[in-house]
Amino acid sequence: MNIFIYHTPELTPTEKLPECAIVVDVLRATTTIAKILDSGGEAIQVFDDLDLLIETSKHWMPEKLLRAGERNGLKIPGFDLGNSPLDFTPERVKDKRLFMSTTNGTRALQRVQKSQTLITAAFVNLSTVVKYLLKNKPETIWVIGSGWEGSFSLEDTACAGAVAYGLVQQSNLSVNNLAGNDEVYSAIALYTQWQDNLVELLHHASHGKRLLGLAGNEDLRYCAQKNILDVLPMQKELGVLKSCD
Ligand SMILES: O=C(O)[C@H](CS(=O)(=O)O)OP(=O)(O)O
Ligand SMILES: [Mg+2]
């Protein structure tokens with residue numbers, strides 16, 4: 001296994017794709033995606049373009065669909081839900097398909113949607129992701145931070161480092177056997193520095209500061225929790241994520 005970490009989708013190579021792409025958007029899209037599937041959601045269909053989301057969702061059974069997502073961190077007018085993981089309860093989402101668009105996470109997913117395998121990771125489902133990688137041993141793994149509007153996100157790179165660190169900790173592989181680029185070393189260093197205080201890390205992050213004003217502390221506390229959801233969101237058809245059992 002060779003793991004490459006890219007801080008934002010824009011930094012990923014354009015001329016090739018990995019065997020396994022892992023998109024990270026701790027605040028909040030991939031945390032929310034994990035919560036949706038843990039709450040019994042049928043699937044999440046992700047869109048970069050809102051018009052296409054609305055047009056596509058019109059053809060889905062009305063009683064089985066919800067439109068979710070945000071622009072500038074706030075629920076899109078006319079949508080059922082925003083992008084706070086706390087809102088995606090079993091009562092709201094069980095057996096529903098979520099048609100979803102967010103500022104960064106859904107854009108990152110589209111960038112690597114043609115990869116052989118595409119999964120999503122956040123702190124909440126970290127151990128499930130690491131377990132999947134150790135079991136399936138993809139040759140090339142890309143972990144892509146969603147960033148914020150093309151710039152670096154502290155929380156996404158820290159979570160990417162947590163994935164790499166988990167592989168090292170739970171196998172006989174060393175970092176220099178695993179690391180495919182320098183970013184792996186820096187991401188692991190960032191994660192190990194903050195692994196016992198992720199809430200504080202999220203409060204330092206510019207994304208976290210922005211969210212504090214919009215959604216309050218509860219979202220950050222939830223997104224900072226490690227291994228609370230045993231779920232592996234995997235792309236089963238282009239743009240459609242389901243739980244990989
Ligand atoms: O909803 C979010 O947390 C962000 C938007 S913002 O950075 O808070 O404005 O979107 P995401 O795609 O989850 O990074
Ligand atoms: Mg984000």
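Ligands are counted one by one from 1 in listed order, and the atoms in each one are counted from 1 as well. Values below: every heavy atom of this structure, side chains too, minus hydrogens, waters and symmetry copies. Since the structure is predicted, the reported quantities are computational estimates derived from the model, not experimental observations.
- Atoms of ligand 1 lying under 4.0 Å from any heavy atom of Thr102, numbered from 1 in the order shown and given with element: 11 (P), 12 (O).
- At a cut-off of 2.8 Å, Leu27 is counted among the residues with an N, O or S atom near the Mg ion (ligand 2).
- A cation-pi geometry, defined here as NZ or CZ lying under 6.0 Å from the six-membered ring centre and within 45° of its normal, holds between Arg210 and Trp148.
- Considering backbone and side-chain atoms together, Leu27 places an N or O closer than 3.5 Å to an N or O of ligand 1.
- At a 4.0 Å heavy-atom cut-off, ligand 1 touches Arg210 through the side chain alone.
- Checked by atom type and distance alone, the side chain of Asp80 pairs as donor or acceptor with a backbone atom of Arg67 at under 3.5 Å.
- The distance from ligand 1 to the heavy atoms of Asp25 drops below 4.0 Å at these ligand atoms: 11 (P), 12 (O), 13 (O), 14 (O).
- When side chains are defined from C-beta on, Phe79 does not count as touching Glu70, because their heavy atoms never get closer than 4.5 Å.
- Within 6.0 Å of the CG atom in Asn176, the count of heavy atoms belonging to other residues, nucleotides or ligands exceeds 12.
- Two residues are said to be in side-chain contact when any heavy atoms from C-beta on lie closer than 4.5 Å; Leu133 and Val129 meet this criterion.
- Counting atoms of ligand 1 from 1 in the listed order, those under 4.0 Å from a heavy atom of Leu211 are 3 (O), 8 (O).
- Backbone and side-chain nitrogen or oxygen atoms of Gly147 are examined, and none is located within less than 3.5 angstrom of a nitrogen or oxygen of ligand 1.
- Given atom 8 (O) of ligand 1, the protein heavy atom at minimum distance is His207 NE2, 3.4 Å.
- Judged by distance alone, the side chain of Lys94 and the main-chain N or O of Thr89 form no donor-acceptor pair under 3.5 Å.
- In this model, a donor atom of one side chain and an acceptor atom of the other lie less than 3.5 Å apart for Glu155 and His207.
- Atom OD1 is the N, O or S atom of Asp25 at the shortest distance from the Mg ion (ligand 2).
- Here the protein heavy atom with the shortest distance to atom 5 (C) of ligand 1 is Glu70 OE1, 3.3 Å.
- With hydrogens and angles ignored, the 3.5 Å screen pairs a side-chain donor or acceptor of Asp49 with a backbone N or O of Asp51.
- Contact atoms of ligand 1 toward Asn72: 9 (O) (distance under 4.0 Å to a heavy atom of the residue).
- Here the protein heavy atom with the shortest distance to atom 9 (O) of ligand 1 is Gly73 N, 3.3 Å.
- The distance from ligand 1 to the heavy atoms of Ala29 drops below 4.0 Å at these ligand atoms: 13 (O).
- Judged by distance alone, the side chain of Asn125 and the main-chain N or O of Ala34 form no donor-acceptor pair under 3.5 Å.
- For ligand 1, the polar-atom distance check against Arg28 finds a nitrogen or oxygen pair separated by under 3.5 Å.
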